[in-house]
Amino acid sequence: MDQAWQPSGYTSPNLRVYPWMWLWDSCFHALIWAGLEDERAVAELASVFTWQGDDGFVPHMGYQANPAASVPMWSRSGASTITQPPMFGHAARALAASGYEIDSRMLDQIERGLAYFWRYRMGDDGLIRIVHPWETGADDSPRWDAWAPFPFDKAGFDAAKQTMVGALEVTAAGSSSTSSMFNVASAMFNALVAFNAQEFADLVDDAAWRTRARELAAAIDRHWDGVTWSDAGDHSSAAVPTSDALLPCLVNRHRLTAVEEQLFDPDGLGSAYGPRNVDRRYPGYDSTGYWRGPTWPQINYLLWVALQVRPAAAARLADQTVRGAWTSEFSEYWDPDTGAGHGARPQSWTCLALLMHPEHGS
Ligand code: GLC
């Protein structure tokens with residue numbers, strides 16, 4: 001964490017592969033800094049709002065270390081024009097619980113950041129739309145295979161995602177609220193918006209935000225199919241059983257029994273080093289492919305938060321994740337069966353395992 005800390009006030013996810021600021025990564029980093037009892041927790045959370053627009057929009061990437069570097073991809077200096085799960089509601093609530101001060105300016109930034117989704121991304125079905133697969137942070141998920149070459153091919157899908165950047169409709173303020181190619185109500189994304197709205201409501205004790213969170217949770221739950229929550233929207237994506245698509249259990253606790261069963265089912269998502277991101281029975285399952293099977297620590301952390309009301313399951317998930325983080329030498333993601341690391345190494349968010357460690361805080 002120390003080595004990846006940047007003079008402009010955030011932690012790079014990885015110095016070589018991911019030098020810039022990423023929205024949900026930095027929210028996770030803030031939680032990690034708080035776990036380390038380090039003041040950088042608040043600074044990192046503040047940095048997430050560096051490029052917030054007047055419309056409330058929070059970009060998924062900040063290029064404060066070199067603003068010109070964003071222009072070739074985003075035709076805009078300093079930041080991207082898409083967003084990512086607004087984990088700042090949860091981060092702020094957790095930091096406040098650890099005794100850090102969240103000032104009124106930051107509360108306002110959080111509120112405007114969340115309100116953006118209701119104002120500009122809400123569909124008639126009560127679900128929030130995303131305009132690019134990158135907005136979920138689950139880039140190459142089989143859920144997006146309708147937009148990928150068949151059979152799946154990484155280079156081909158990378159090209160498709162570039163084309164989808166061109167299909168964004170960007171406002172003068174630099175935010176995208178629609179796309180001519182991709183308008184999906186992702187179960188995972190909606191779950192994380194609802195969860196962060198609920199966390200914000202708890203932080204400021206606000207009934208209107210609590211209601212919004214509850215209504216969004218109910219809208220998501222209309223798409224529970226007995227195994228997973230499916231996505232909705234203009235082009236419904238495939239309801240592939242993935243661990244991230246179980247995140248609506250953060251706000252729909254009545255499903256926790258079904259979710260817990262799946263997370264530990266050795267024939268499906270379950271494995272020794274934490275749940276696979278994709279069910280092993282899915283034909284395209286790939287234990288080392290980027291978002292096509294491996295275990296991701298930040299998804300496990302969120303599922304662990306949901307499982308706090310079931311201490312035995314939470315402890316089991318924590319144990320698996322800590323072992324995966326350690327065996328993979330703090331890799332970005334790992335092979336669920338062997339714990340062998342893949343992707344960037346070390347990846348800052350994998351330090352979330354610290355918060356899950358049984359001895360943390362004792
Ligand atoms: C990759 C991940 C995304 C993450 C980023 C930085 O793009 O898919 O979720 O935010 O890397 O770690």
Side-chain angles (χ1 to χ4, degrees), residues 1 3-6 10-32 44-45 47-48 50-51 58-65 69-70 73-74 79-88 90-91 130-144 147-148 152 154-155 157-162 164-165 182 184 186 188-189 191-193 196 242-245 247 276-278 286 288-303 325 328 330-334 341-353:
M1 291 296 288
Q3 280 167 11
W5 179 253
Q6 296 296 322
Y10 69 92
T11 314
S12 295
N14 172 277
L15 284 175
R16 196 173 45 83
V17 188
Y18 304 116
W20 314 114
M21 191 208 74
W22 268 263
L23 195 174
W24 74 332
D25 298 67
S26 278
C27 296
F28 292 126
H29 302 159
L31 294 165
I32 296 162
E44 177 120 26
L45 191 53
S47 75
V48 163
T50 308
W51 306 97
V58 182
H60 96 300
M61 284 179 70
Y63 295 71
Q64 39 270 55
S70 69
M73 169 79 90
W74 304 106
S80 64
T81 63
I82 60 169
T83 190
Q84 244 185 359
M87 291 312 309
F88 38 77
H90 171 59
I130 53 166
V131 296
H132 197 288
W134 285 336
E135 293 206 304
T136 59
D139 299 14
D140 286 9
S141 172
R143 290 216 157 201
W144 324 132
W147 290 264
F152 181 82
K154 171 109 183 92
F157 190 51
D158 285 347
K161 285 181 294 189
Q162 287 295 330
M164 284 191 248
V165 170
F182 192 92
V184 172
S186 147
M188 169 219 196
F189 195 89
L192 294 179
V193 175
N196 281 279
T242 58
S243 60
D244 57 87
L247 288 172
R276 308 159 205 278
N277 181 231
V278 178
D286 171 0
T288 61
Y290 181 71
W291 287 107
R292 311 286 298 176
T295 299
W296 287 78
Q298 84 288 14
I299 302 292
N300 289 11
Y301 166 78
L302 291 165
L303 291 164
S328 74
F330 287 80
S331 289
E332 183 182 3
Y333 54 91
W334 54 81
H342 291 276
R345 180 184 323 173
Q347 178 85 350
S348 304
W349 67 19
T350 305
C351 299
L352 285 168

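Not measured: the values here are computed from a predicted model. Ligands are counted one by one from 1 in listed order, and the atoms in each one are counted from 1 as well.
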(request) Give the contacting part of His60 toward ligand 1: side chain, backbone, both or neither, where contact means a heavy-atom distance below 4.0 Å. (result) neither

(message) Using the ring centroid of each side chain, check whether Trp144 and Phe182 are separated by less than 6.0 Å.
(response) yes

(request) Would you indicate which of Leu23, Val17, Asp139, Asn14 comes nearest to atom 7 (O) of ligand 1 when only heavy atoms are counted? (result) Asp139

(request) Please name the residue in the list Leu302, Leu303, Ile299 that meets the side chain to side chain contact (heavy atoms under 4.5 Å, CB included) test with Asp244. (result) Ile299

(request) Mind listing the closest non-hydrogen atom pair of Pro297 and Thr350 along with its distance? (result) CG-OG1, 3.5 Å

(request) Indicate yes or no: does an N/O atom of Asp25 lie under 3.5 Å from an N/O atom of ligand 1? (result) yes

(request) With rounding to the nearest 0.5 Å, note down the distance linking OG in Ser26 to NE2 in His60. (result) 12.0 Å

(message) Looking at Pro346, is its backbone amide N or carbonyl O close enough to the side chain of Asn14 to form a donor-acceptor pair, meaning the two atoms are under 3.5 Å apart?
(response) yes

(message) Quick check on the 6.0 Å ring-centre criterion: do Trp5 and His29 meet it?
(response) no

(message) Show the atoms of ligand 1 that are less than 4.0 angstrom away from any heavy atom in Tyr290.
(response) 1 (C), 2 (C), 7 (O), 8 (O)

(message) Which option wins on minimum heavy-atom distance to atom 5 (C) of ligand 1: Phe28, Trp349, Trp22?
(response) Trp22

(message) In the structure I gave you, are the side-chain heavy atoms of Tyr10 and Trp22 within less than 4.5 Å of one another anywhere?
(response) no

(request) Say whether Trp24, considering both its backbone and side-chain N or O atoms, lies within less than 3.5 Å of an N or O atom on ligand 1. (result) yes

(message) Please classify the Trp134 to ligand 1 contact at 4.0 Å (heavy-atom distances, strictly less than): side chain, backbone, both or neither.
(response) neither

(request) Indicate yes or no: does an N/O atom of Trp296 lie under 3.5 Å from an N/O atom of ligand 1? (result) no

(request) Say whether Gly137, considering both its backbone and side-chain N or O atoms, lies within less than 3.5 Å of an N or O atom on ligand 1. (result) yes

(request) Provide the number and element of each atom of ligand 1 under 4.0 Å from a heavy atom of Gln347. (result) 12 (O)

